[in-house]
Amino acid sequence: MSDLSSLNGDSLLVASHDAEVAVAETPLVSLSRVQSVPITSVWPTEPHHFTPWLLANADLLSEVLGLDVELVSREYKVGKFSLDIIGHEVETGTPVIVENQYGQTDHGHLGQILTYAGGTKPTTIVWIAERFREEHRAALDWLNTHTEPGIRFFGVRLAAVTLTGAPAGLIAPWLELVVKPNDWEKHAMAAATAGTGPSQTQQLYQQFWSLFEPRAKERGWTNASAPAQNWWSMPTGVSHAIWSVSYATFGCRSELYFEHPDPDVNLVRWQTLDDRKQEILDEFGDDLIFDELPGNKGCRIETRLHGPKIGEQQRWHEVLAWMLDSQTRLRRAVSVVGGVPTTTAAPTSGFAEDATQEAPSAATDG
């Protein structure tokens, strides 16, 4: 117990006064409580309402996963079965599959996920449900521990919420990550087994991108984490088109890159912007290279900074400033002419049929 005898009258009066002031202060905000809402009042059915909604709101899933993903189509056929959603990771282009479920997780959906994974060879597998049984959380954790380092299983809890006293119809989706891979642990185990680890150059790239990461996230450009590679690809909101910054053989690159599987779609998207080249240049305020990349699958619009190498750490802040500025101006310039073209089908004539595969974006330039 505290010894109150040591306190004089003045100190007691001060303490009493402070307590009165604290009680009298009015809260600066109006506080409320979060209330759950039945998800069927928002999305009456999973296949016809929630799944199409999620397909159109990949940015929310990206935020939860900490990855930039593009969701491409639903009811994707895997043999005689249909996967809810398939897409790909923006950074790597590798497949992402999503299985949705109302209610509590069950063995049937766990089996479906593994079946779909076997038929699509994804690197990212996402199971979304209202409630996860502990046995199924443990199963996903086990899969994360015992599969290859590049394969990741996520469990995401689905809910809908409102605020006490909020107007009717004011509801927000709630996606909560309940199972995730320990990427660091998996890569460490793999490196220990192989007796190898990241190269010095890979470590430099990861250190550099760790400086870029918070600045990019502040601008809403990405949800991903710093990679150990020479480029960073970011979503445009249009499938198979990316914003990208990178180190290359000549220095650094900042670009808009079209990477649709159909080279003719890439070409028509690129041509749409090339037709308004002067407007884009005027808004950008500097030179841009409109590169059709003849003989390759993709097309790009880029600007370059000649000279810097990843090992020149004294120039990192200069490179960061250039990448952030050039990307900001490039995005603004493209938005002025209507944004990234969304063409999804190639024209019936007028474009070459023969094209060869190109590696993703800047990765080819070292």
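Everything quoted here is computed from the prediction, not taken from an experiment.
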From CA spacing to verdict: side chain to side chain donor-acceptor pair (under 3.5 Å), His240, Glu259: CA-CA 5 Å; His240 300 298; Glu259 56 176 10; 5.2 Å; no

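- A distance of 11.0 Å separates OH in Tyr102 from CD1 in Ile128, rounded to the nearest 0.5 Å.
- Distance check: Glu130 CD to Leu158 CG gives 6.0 Å after rounding to the nearest 0.5 Å.
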Trace of the salt bridge (charged side-chain N to carboxylate O under 4.0 Å, His left out) decision for Glu279 with Arg276: CA-CA 6 Å; Glu279 295 172 72; Arg276 304 187 68 175; 2.9 Å; yes

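- No more than 12 heavy atoms of other residues, nucleotides or ligands lie within 6.0 Å of CH2 in Trp174, so this atom counts as exposed by the packing criterion.
- Between His146 and Trp142, the two ring planes are parallel [angle under 30°; tilted spans 30° to 60°].
- Judged by distance alone, the side chains of Gln101 and Asp84 never bring a donor and an acceptor atom under 3.5 Å apart.
- The aromatic ring centres of Tyr116 and Tyr76 sit 6.0 Å or more apart.
- In terms of hydrophobic clustering, with Ile, Leu, Val, Met, Phe, Trp and Tyr side chains grouped at heavy-atom distances under 4.5 Å, Val161 and Val42 are assigned to different clusters.
- Between Glu318 and Arg315 there is a salt bridge, since a side-chain N of the basic residue sits under 4.0 Å from a carboxylate O of the acidic one.
- Under 3.5 Å, the side chains of Asn230 and Ser246 contain no donor-acceptor pair of N or O atoms.
- A side-chain donor-acceptor contact under 3.5 Å links Glu99 and Gln112.
- There is a path of hydrophobic side-chain contacts, each under 4.5 Å, that joins Val126 to Leu60.
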Give the C-alpha distance, both sets of side-chain angles, the deciding distance and a yes or no for salt bridge (charged side-chain N to carboxylate O under 4.0 Å, His left out) between Glu255 and Arg304. CA-CA 9 Å; Glu255 68 179 326; Arg304 296 181 173 188; over 6 Å; no

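- Rounded to the nearest 0.5 angstrom, Leu305 CG and Asp325 CG are separated by 11.0 Å.
- Side chains of Arg133 and Thr105: a donor-acceptor N/O pair is absent below 3.5 angstrom, by distance only.
- The shortest side-chain heavy-atom distance between Met234 and Gln327 falls under the 4.5 Å cut-off.
- In this structure, the ring of Trp127 has its center less than 6.0 angstrom from the ring center of His136.
- Residues Trp243 and Trp221 place their aromatic rings such that the two centres sit no closer than 6.0 Å.
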Applying side chain to side chain donor-acceptor pair (under 3.5 Å) to Glu91 and Gln229, what does each step give before you reach the verdict? CA-CA 10 Å; Glu91 186 67 43; Gln229 61 195 26; 2.4 Å; yes

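- Remark: the Asn100 side chain and the Thr51 side chain contain an N/O donor-acceptor pair separated by less than 3.5 Å.
- Taking the six-membered ring where the residue is Trp, the centroids of Trp316 and Phe208 are separated by under 6.0 Å.
- Here the closest non-hydrogen pair linking Thr147 and Ile151 is OG1-O, 3.8 Å.
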